[in-house]
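What follows is a single structure, written as structure tokens, with notes after it.
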Amino acid sequence: MLNPMLISHTVIKIIIFLQVILLAPSVMNDSLNLKNEDKIVAAGKHSPDSALGVWRFSFGNENISEVYKDGVLFVTKQNGNYDVAMKFKNGVLTGQDVEINENAIKFNVNIDGLERVSFVLLLDGNRIVGESYSAKGASKIYGKRQVPVR
């Protein structure tokens, strides 16, 4: 006659074995998905395309005209070229000499057709931090990515 204790231990081992076999694929998929998401995020941080999107920003300098105090920065890519536009209360300025690399956006704009302002913005995930430079001096810029509402 078989020992009831031995049978119950064997049944428990079989049940555990089956659970491991049946649950392992989903656990592995979950861990693979996390790894893939990490790779996507890491790849985004090292790609100039991580700059693409809509960014709300404001200047830290108190001496800036109220019209230019804050705005929206649009970074797009068309036919392999990056474009930048800045929307302010009084209109849109188009970026010139646009350079984007894995962690920075650099460009110039002309204000009122005469004053040239240069921008250097550093990317930090969903934030940008940088400075603008003009004949009137430098100003800090702070911004964050505008995430679409779902």
Side-chain angles (χ1 to χ4, degrees), residues 11-150:
V11 170
I12 290 172
K13 287 179 184 176
I14 291 172
I15 292 171
I16 291 173
F17 176 76
L18 289 174
Q19 286 179 334
V20 168
I21 295 297
L22 294 174
L23 292 176
S26 67
V27 171
M28 285 175 53
N29 284 340
D30 288 345
S31 66
L32 287 175
N33 287 341
L34 288 175
K35 289 179 184 175
N36 287 340
E37 288 174 23
D38 290 343
K39 288 179 186 174
I40 291 168
V41 170
K45 288 182 180 177
H46 299 291
S47 167
D49 286 351
S50 64
L52 296 175
V54 179
W55 302 84
R56 291 200 166 278
F57 68 89
S58 59
F59 289 92
N61 189 341
E62 298 296 323
N63 298 328
I64 288 184
S65 167
E66 188 62 35
V67 173
Y68 298 111
K69 198 74 158 160
D70 54 24
V72 180
L73 175 70
F74 299 91
V75 181
T76 58
K77 184 177 183 181
Q78 205 168 33
N79 299 326
N81 296 316
Y82 292 99
D83 294 312
V84 173
M86 300 180 84
K87 182 180 180 298
F88 294 100
K89 292 175 183 164
N90 67 341
V92 176
L93 300 174
T94 304
Q96 302 166 351
D97 310 316
V98 178
E99 292 179 32
I100 297 180
N101 61 37
E102 58 273 356
N103 62 358
I105 304 170
K106 299 175 186 175
F107 63 96
N108 300 304
V109 296
N110 289 329
I111 296 177
D112 298 327
L114 302 172
E115 184 181 354
R116 189 143 176 103
V117 180
S118 298
F119 292 84
V120 177
L121 307 173
L122 300 177
L123 297 167
D124 182 18
N126 287 328
R127 295 183 312 147
I128 53 173
V129 157
E131 289 187 328
S132 69
Y133 306 93
S134 70
K136 295 178 183 176
S139 179
K140 294 280 187 191
I141 302 170
Y142 306 96
K144 65 180 184 175
R145 187 182 304 273
Q146 181 173 321
V147 181
V149 177
R150 294 184 184 233

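In what follows, every heavy atom counts, from backbone to side chain, and hydrogens, waters and symmetry copies are set aside.
Using the six-membered ring where Trp is involved, Phe57 and Phe88 have ring planes that are perpendicular, over 60° apart on the 30 and 60° scheme.
Here the straight-line distance linking atom CH2 of Trp55 with atom CG of Leu121 works out to 9.0 Å at 0.5 Å rounding. A distance of 11.5 Å separates NZ of Lys77 from CG of Asp83, quoted to the nearest 0.5 Å. Once rounded to the nearest 0.5 Å, the distance linking OH of Tyr82 with NZ of Lys106 reads 14.5 Å. The line from CD of Glu131 to OG of Ser139 is 8.0 Å long, rounded to the nearest 0.5 Å. Here the straight-line distance linking atom CG of Leu122 with atom CD1 of Ile128 works out to 10.0 Å at 0.5 Å rounding. Here CD of Glu99 is found 9.0 Å from CG of Asn108. Values are rounded to the nearest 0.5 Å.
At a threshold of 4.5 Å between non-hydrogen side-chain atoms, the residues Phe107 and Leu73 count as touching. Side-chain contact between Asp97 and Arg116: present, with at least one pair of heavy atoms (C-beta onward) separated by less than 4.5 Å. Taking 4.5 Å as the limit, some side-chain heavy atom of Ile111 sits within range of a side-chain heavy atom of Tyr68.
With hydrogens and angles ignored, the 3.5 Å screen pairs a side-chain donor or acceptor of Arg145 with a backbone N or O of Leu52.
Counting heavy-atom neighbours within 6.0 Å of Arg127 CZ, excluding the residue itself, gives a total of 12 or less. Few gaps surround NZ on Lys89; more than 12 heavy atoms of other groups in view lie less than 6.0 Å from it. The environment of NZ in Lys69 is crowded: more than 12 heavy-atom neighbours from other residues, nucleotides or ligands sit within 6.0 Å.
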